Engineer: 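Got a structure for you, questions after.
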Amino acid sequence: MKRILFLLSVLSIVVAANAQEAYNEAIRMAKAVADDTSKSLEERKIATFKKDALYYLGSQSYKLTPDSSVTVLDHQALALFQFINLFQGRYLMAAKKDRPAIIDQFKRVSLAHPRFHDPNKEYVLAYITNAGYITQFSLDTDWVAAYNAIRRKMQK
């Protein structure tokens, strides 16, 4: 019984330490794919969006609330990956003629859930105004709220 309790306590410490590293690990993973020339161009573009969105999130969070919890960044990073994964799944399963509607639906959800209300629209909307990316989402997104909203829409 003592062994089980010990293992559970060690496991909870490891999980807590890993949770604090989720944001940094998300950046590392996105950067690795974005820089990997053996990956398809589309995969690299999606990873570039993730990387840029994570850097923006970290920069804005630190600038506006320097004492903010790392946990907030971890939750946002996880939700960003979930949002993009859900988008990719829907996009790839859709018929080619339906793909623009999928992009538009996810784009509208991203725009409807700003996190920082950044007035620099040219910067935060760069992926929306660049038709070369299927990840046409705002960098200024509350990814937790956006992911929850798109999941609710998908369940209807």
Side-chain angles (χ1 to χ4, degrees), residues 15-36 39-156:
V15 169
N18 287 340
Q20 292 176 356
E21 294 297 319
Y23 173 77
N24 291 330
E25 181 63 14
I27 289 175
R28 189 199 62 74
M29 288 173 21
K31 188 172 177 354
V33 173
D35 295 344
D36 186 348
K39 301 285 185 192
S40 73
L41 182 58
E42 208 55 54
E43 285 178 282
R44 291 172 44 214
K45 285 181 174 183
I46 291 169
T48 297
F49 172 81
K50 288 178 182 177
K51 181 182 64 148
D52 289 349
L54 289 165
Y55 281 141
Y56 173 81
L57 178 67
S59 169
Q60 288 298 103
S61 293
Y62 181 74
K63 187 183 336 178
L64 298 174
T65 54
D67 59 342
S68 69
S69 166
V70 173
T71 306
V72 172
L73 289 175
D74 290 344
H75 289 293
Q76 288 291 321
L78 176 60
L80 165 66
F81 273 64
Q82 291 171 319
F83 184 90
I84 299 294
N85 289 342
L86 182 59
F87 165 74
Q88 282 181 282
R90 297 291 174 154
Y91 182 85
L92 293 174
M93 290 182 353
K96 290 214 186 262
K97 67 178 177 61
D98 297 330
R99 287 180 174 177
I102 300 291
I103 292 172
D104 189 58
Q105 182 180 34
F106 278 77
K107 177 183 5 179
R108 282 186 277 116
V109 169
S110 169
L111 288 168
H113 296 88
R115 179 158 177 80
F116 304 105
H117 302 279
D118 192 334
N120 186 353
K121 297 301 180 199
E122 183 179 346
Y123 181 74
V124 298
L125 301 179
Y127 282 89
I128 292 175
T129 58
N130 185 342
Y133 285 83
I134 64 168
T135 50
Q136 296 180 10
F137 315 128
S138 171
L139 293 176
D140 183 10
T141 298
D142 181 336
W143 295 107
V144 172
Y147 176 66
N148 290 331
I150 199 69
R151 277 189 39 222
R152 283 191 300 276
K153 282 182 181 267
M154 297 292 154
Q155 290 174 349
K156 291 181 182 178

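All of these numbers come straight from a predicted model, not from anything done at the bench.
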Engineer: If only atom types and distance count, is the side chain of Tyr23 paired as donor or acceptor with the main-chain N or O of Leu54 below 3.5 Å?
Structural biologist: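 Checking the backbone N and O of Leu54 against the side chain of Tyr23, a donor-acceptor pair under 3.5 Å is found.
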Engineer: Output yes when a side-chain donor or acceptor of Asp118 lies under 3.5 Å from a complementary backbone atom of Asp140, and no otherwise.
Structural biologist: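 Looks like no, no N/O pair under 3.5 Å.
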Engineer: First locate atom CD1 of Ile128, then atom CG of Leu139, and finally report the distance between them rounded to the nearest 0.5 Å.
Structural biologist: 8.5 Å
Engineer: Check salt bridge (charged side-chain N to carboxylate O under 4.0 Å, His left out) between Lys153 and all other residues, then give those that pass, not counting sequence neighbours.
Structural biologist: none
Engineer: On a heavy-atom basis, which atom in Phe49 and which in Ser138 lie closest, and how many Å separate them?
Structural biologist: CZ-O, 4.3 Å
Engineer: Going by the rule side-chain hydrogen bond (donor to acceptor under 3.5 Å, both in side chains), which residues pair with Ser110 if we only count those two or more places apart in sequence or in a different chain?
Structural biologist: Thr141
Engineer: Using the side-chain hydrogen bond (donor to acceptor under 3.5 Å, both in side chains) criterion, which residues pair with Thr129? Sequence neighbours excluded.
Structural biologist: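 Listed in chain order: nothing, the list is empty.
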Engineer: Please list all pairs passing the salt bridge (Lys or Arg N to Asp or Glu O under 4.0 Å) test where one or both residues lie in residues 89-104, with sequence neighbours left out.
Structural biologist: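 Listed once each, the pairs are Asp104-Arg108.
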Engineer: Over all heavy atoms of both residues, which pair between Ala47 and Ala34 is shortest? Give the atoms and the distance, please.
Structural biologist: CB-N, 3.5 Å
Engineer: Which residues pass the side-chain hydrogen bond (donor to acceptor under 3.5 Å, both in side chains) test with Glu43, not counting sequence neighbours?
Structural biologist: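 Applying side-chain hydrogen bond (donor to acceptor under 3.5 Å, both in side chains) to Glu43 gives Ser40.
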Engineer: ring-ring contact (aromatic ring centres under 6.0 Å, His included) with Tyr91: which residues, sequence neighbours excluded?
Structural biologist: Phe87
Engineer: Could you go through the side-chain contact (heavy atoms from CB on, under 4.5 Å) check for Lys45 and Ile134 one step at a time?
Structural biologist: CA-CA 8 Å; Lys45 285 181 174 183; Ile134 64 168; over 6 Å; no
Engineer: Compare all side-chain heavy atoms of Phe81 with those of Met29 and state whether any distance is below 4.5 angstrom.
Structural biologist: yes
Engineer: With Asp35, which residues qualify under salt bridge (charged side-chain N to carboxylate O under 4.0 Å, His left out), at least two apart?
Structural biologist: Lys31
Engineer: Looking only at heavy atoms, what is the nearest atom pair of Val109 and Ala149, with distance?
Structural biologist: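 What the structure gives for the nearest pair is CG1-CB, 4.1 Å.
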Engineer: Atom CD in Gln88, atom CD1 in Ile102: separation rounded to 0.5 Å?
Structural biologist: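 Reported to 0.5 Å precision, the distance equals 13.0 Å.
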Engineer: Report the relative orientation of the aromatic rings in Tyr123 and Tyr56; use parallel for angles under 30°, tilted for 30 to 60°, perpendicular for over 60°.
Structural biologist: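 Answer is tilted, since the angle falls between 30° and 60°.
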Engineer: Over 60° means perpendicular and under 30° means parallel, so classify the ring planes of Phe106 and Phe137, tilted if in between.
Structural biologist: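 Phe137 vs Phe106 ring planes: tilted.
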Engineer: Looking at residues at least two apart in the chain, or sitting in another chain, which of them share a side-chain contact (heavy atoms from CB on, under 4.5 Å) with Ala145?
Structural biologist: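 Here the qualifying residues are His113, Asp142.
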Engineer: Please name all residues satisfying ring-ring contact (aromatic ring centres under 6.0 Å, His included) with Tyr133, sequence neighbours left out, ordered by chain then number.
Structural biologist: Tyr127
Engineer: Under the salt bridge (charged side-chain N to carboxylate O under 4.0 Å, His left out) rule, collect the residues that match up with Glu25, sequence neighbours excluded.
Structural biologist: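 Partners of Glu25 by the salt bridge (charged side-chain N to carboxylate O under 4.0 Å, His left out) criterion, ordered by chain and then number, come out as Arg28.
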Engineer: Going by the rule side-chain hydrogen bond (donor to acceptor under 3.5 Å, both in side chains), which residues pair with Asn85 if we only count those two or more places apart in sequence or in a different chain?
Structural biologist: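 Result, side-chain hydrogen bond (donor to acceptor under 3.5 Å, both in side chains) vs Asn85: none returned.
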Engineer: Quick one, Gln105 and Met154 - any side-chain contact, counting heavy atoms below 4.5 Å?
Structural biologist: yes
Engineer: Should Leu111 and Leu125 count as side-chain neighbours, where that means a heavy-atom distance under 4.5 Å?
Structural biologist: yes
Engineer: I want to check something: taking the side chain as every heavy atom from C-beta on, are Arg151 and Leu86 in contact at a cut-off of under 4.5 Å?
Structural biologist: yes
Engineer: By ring-ring contact (aromatic ring centres under 6.0 Å, His included), which residues pair with Tyr147, not counting sequence neighbours?
Structural biologist: none
Engineer: Measure across Gly58 and Leu73 and return the closest heavy-atom pair with its distance rounded to 0.1 Å.
Structural biologist: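 Here Gly58 and Leu73 meet closest at CA-CD2, 4.1 Å.
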Engineer: Are Ser61 and Val72 side-chain neighbours, meaning at least one heavy-atom pair lies under 4.5 Å?
Structural biologist: no
